[in-house]
There are 2 protein chains.
Amino acid sequence: MGGTPRQPEPRAHRRNARGQGGLLATEIVAGALAIIDRTGSDAGVTLRSVAREVGIAAPSIYPDFANREAVILAAARYVFDDIGHAVEGAVTGLEDPVERLLAGCEAYVDYGVEHAARYRVLFSRELPGGPSGPAGPTATVGTPTVLLDDRFPPAGGEVFALLVDAIERCADAGRCRGDDPFGTALGVWVALHGMVSLWTSLGGFPWPDQRSFARHLVLAQVGIAVAQQ
Amino acid sequence: MGGTPRQPEPRAHRRNARGQGGLLATEIVAGALAIIDRTGSDAGVTLRSVAREVGIAAPSIYPDFANREAVILAAARYVFDDIGHAVEGAVTGLEDPVERLLAGCEAYVDYGVEHAARYRVLFSRELPGGPSGPAGPTATVGTPTVLLDDRFPPAGGEVFALLVDAIERCADAGRCRGDDPFGTALGVWVALHGMVSLWTSLGGFPWPDQRSFARHLVLAQVGIAVAQQ
DNA sequence: GCATGTATACTTACGCTTGTAAGTTTTTCT
DNA sequence: AGAAAAACTTACAAGCGTAAGTATACATGC
């Protein structure tokens with residue numbers, strides 16, 4: 001697997017101040033994301049490759065992360081937050097609830113398509129932290145359901161909460177049915193996620209226009225008649 | 001990474017008959033799928049692990065596959081075929097077009113949820129073979145579009161063709177709009193794929209009933225009013 | 001019935017990367 | 001100056017892909 005013939009491992013990293021050792025954790029996550037973006041998957045994220053990226057020695061990762069998987073999970077958490085910020089930025093200032101919903105959804109799709117590699121990492125494994133235990137609210141479709149509580153959601157929860165909120169605003173304005181915002185949001189999320197996932201996997205597919213397809217999916221799931229364009 | 005302390009690599013494989021060397025290719029793919037099913041991802045699929053699974057020496061894979069990636073792509077192709085057979089088996093004998101559509105979609109989701117690991121492998125990488133070149137039909141949404149031609153689709157094409165056909169039957173029977181079967185099928189596929197992908201990644205999520213949720217997604221995308229259950 | 005050519009698969013080996021343990025040096029702050 | 005945090009160096013035991021050469025069993029022709 002011969003690549004470069006053995007770099008002398010340049011140490012470009014400057015030691016952090018005392019008590020600020022945790023700063024390195026941020027740089028480690030950033031390094032992992034850089035590798036994911038560059039290589040297109042998390043397969044190349046190893047303790048050594050991340051260490052090279054950051055400019056530290058591989059064992060220096062251990063004080064911050066137990067192992068390779070912990071690094072990747074931290075990167076996934078960062079990406080979920082990043083998506084949340086992108087969506088929030090896209091909807092702030094919009095008044096019309098339907099436009100607000102659509103703008104947020106488009107921002108979600110935009111992020112996923114533009115950062116295909118890091119988006120894919122989010123859902124390439126079983127994510128931990130959910131209320132898989134005894135109880136927890138169970139969603140239903142077609143009938144009202146319990147809303148998400150504190151324990152939910154493990155990952156991507158903030159983004160999903162934004163979506164539920166946007167749909168509730170539409171319902172409050174009488175623009176869509178409001179009997180089951182959770183179930184409706186679930187349908188929208190599922191459709192948008194499917195779009196991003198397939199879009200970035202099947203590069204050769206004759207995809208329609210990204211923006212109008214995303215709007216089409218959302219409106220169909222929410223139950224608003226699709227405008228003939 | 002200490003596991004078992006060095007097995008003597010038992011050779012359980014019986015040499016194939018002359019002219020039937022290609023049989024090994026089938027066993028190699030089966031071995032790769034077994035590893036995927038057992039470990040939950042394709043990360044553990046290496047030439048050596050597959051060889052161990054099959055009972056051959058690692059270099060014996062080379063006559064059939066150029067490298068590790070080729071093995072995984074062959075496994076993906078097998079899984080696409082397998083899904084196609086599952087869907088076809090679920091719809092044969094059904095007369096009502098809407099029931100036929102729903103049954104096929106449910107079978108798709110069933111397969112994906114039941115074989116989560118191998119389904120995930122299908123879309124965990126950029127799949128080759130599409131008409132990414134100069135032309136190829138471009139789908140639109142809301143207006144009729146060119147149907148898929150011979151060059152399309154690279155992967156999962158047979159399954160997608162079944163879906164387009166099922167939707168055309170619904171349209172012919174006047175059960176849904178028929179102006180854009182390709183675009184409608186795309187919406188359905190995207191939604192179902194998103195459901196499977198999220199379902200198997202977010203194990204802790206309070207998911208609704210699998211069957212009714214799948215039907216809900218399909219009917220919403222096709223534009224048939226969702227029956228209050 | 002037996003030699004033989006050949007497809008089939010094996011053995012050995014090399015150079016590389018990986019995770020991680022153990023102990024050491026360097027920097028920073030008091 | 002001294003203590004302690006931060007990060008390094010070295011080392012080991014694996015696993016990896018793959019190149020090169022070798023053994024084995026089968027179908028065929030004599």
Side-chain angles (χ1 to χ4, degrees), chain A residues 1-32 35-36 38-39 41-74, chain B residues 1-32 35-36 38-39 41-74:
Chain A
M1 305 190 290
T4 42
R6 174 78 88 163
Q7 302 268 37
E9 307 248 348
R11 287 283 127 62
H13 192 255
R14 189 191 161 88
R15 187 179 295 252
N16 282 311
R18 203 156 133 162
Q20 302 297 320
L23 277 184
L24 192 53
T26 306
E27 302 179 60
I28 290 170
V29 169
I35 293 171
I36 290 169
R38 194 187 318 129
T39 67
S41 96
D42 59 354
V45 176
T46 67
L47 292 188
R48 288 180 128 100
S49 69
V50 171
R52 273 193 298 271
E53 186 78 23
V54 178
I56 59 175
S60 302
I61 295 178
Y62 281 104
D64 290 309
F65 299 96
N67 50 37
R68 175 196 121 105
E69 190 67 12
V71 174
I72 296 179
L73 283 179
Chain B
M1 305 190 293
T4 44
R6 173 77 87 161
Q7 301 269 38
E9 306 249 349
R11 285 285 128 62
H13 192 255
R14 188 192 162 87
R15 186 178 295 254
N16 283 311
R18 204 158 131 161
Q20 303 297 320
L23 278 184
L24 192 53
T26 308
E27 302 179 60
I28 289 169
V29 169
I35 293 171
I36 290 169
R38 193 185 321 127
T39 66
S41 95
D42 59 353
V45 176
T46 67
L47 293 189
R48 289 181 129 99
S49 69
V50 170
R52 273 193 299 271
E53 187 78 23
V54 177
I56 60 175
S60 302
I61 295 177
Y62 281 104
D64 290 309
F65 299 96
N67 50 39
R68 176 196 121 104
E69 191 66 14
V71 174
I72 296 179
L73 283 180

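Convention: sequence-line order gives letters A, B, ...; per-chain numbering from 1.
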Would you mind reading off the distance between [X] atom [atom1] and [N] atom [atom2], rounded to a whole angstrom?
X	N	atom1	atom2	result
A:Asn67	C:dT18	CG	P	16 Å
B:Ile72	D:dG17	CD1	P	10 Å
B:Glu27	C:dT8	CD	C1'	12 Å
B:Phe65	C:dT8	CZ	C1'	16 Å
A:Asp64	D:dA5	CG	P	14 Å
A:Ile61	C:dT18	CD1	C1'	12 Å
A:Leu47	C:dA21	CG	P	11 Å
A:Ile56	D:dA5	CD1	P	19 Å

Inset, instruction - Taking only the side-chain nitrogens and oxygens of A:Arg48, find out if one of them lies under 4.0 Å from OP1 or OP2 of C:dC16. - result: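 So the side chain of A:Arg48 is outside the cut-off, no N or O lying under 4.0 Å from OP1 or OP2 of C:dC16.
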Legend entry - N/O (side chain, B:Arg52) to phosphate O (OP1/OP2, D:dC16) under 4.0 Å: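 B:Arg52 to D:dC16 OP1/OP2: side-chain N or O found under 4.0 Å.
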Between [options], which nucleotide has the shortest distance from any of its atoms to the side chain of [X]?
X	options	value
B:Ser60	D:dG17, C:dA9, C:dT20	C:dA9
B:Thr46	D:dC8, D:dG17, C:dC10	D:dG17
B:Pro59	D:dA19, C:dG19, D:dG17	D:dA19

Legend entry - Approximate separation, where rounding is to 0.5 Å, of A:Ile35 CD1 and A:Thr46 OG1: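 Between atom CD1 of A:Ile35 and atom OG1 of A:Thr46 there are 6.5 Å.
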Inset, instruction - Give, for atom CG of B:Leu47 and atom CZ of B:Phe65, the distance between the pair rounded to the nearest 0.5 Å. - result: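 Spacing of CG (B:Leu47) from CZ (B:Phe65) equals 10.5 Å.
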Inset, instruction - Kindly determine whether B:Glu53 and B:Arg38 satisfy salt bridge (Lys or Arg N to Asp or Glu O under 4.0 Å), including the steps that lead there. - result: CA-CA 11 Å; B:Glu53 187 78 23; B:Arg38 193 185 321 127; 2.6 Å; yes
Legend entry - Residues B:Val50, B:Val45; criterion side chain to side chain contact (heavy atoms under 4.5 Å, CB included); working and verdict: CA-CA 6 Å; B:Val50 170; B:Val45 176; 3.7 Å; yes
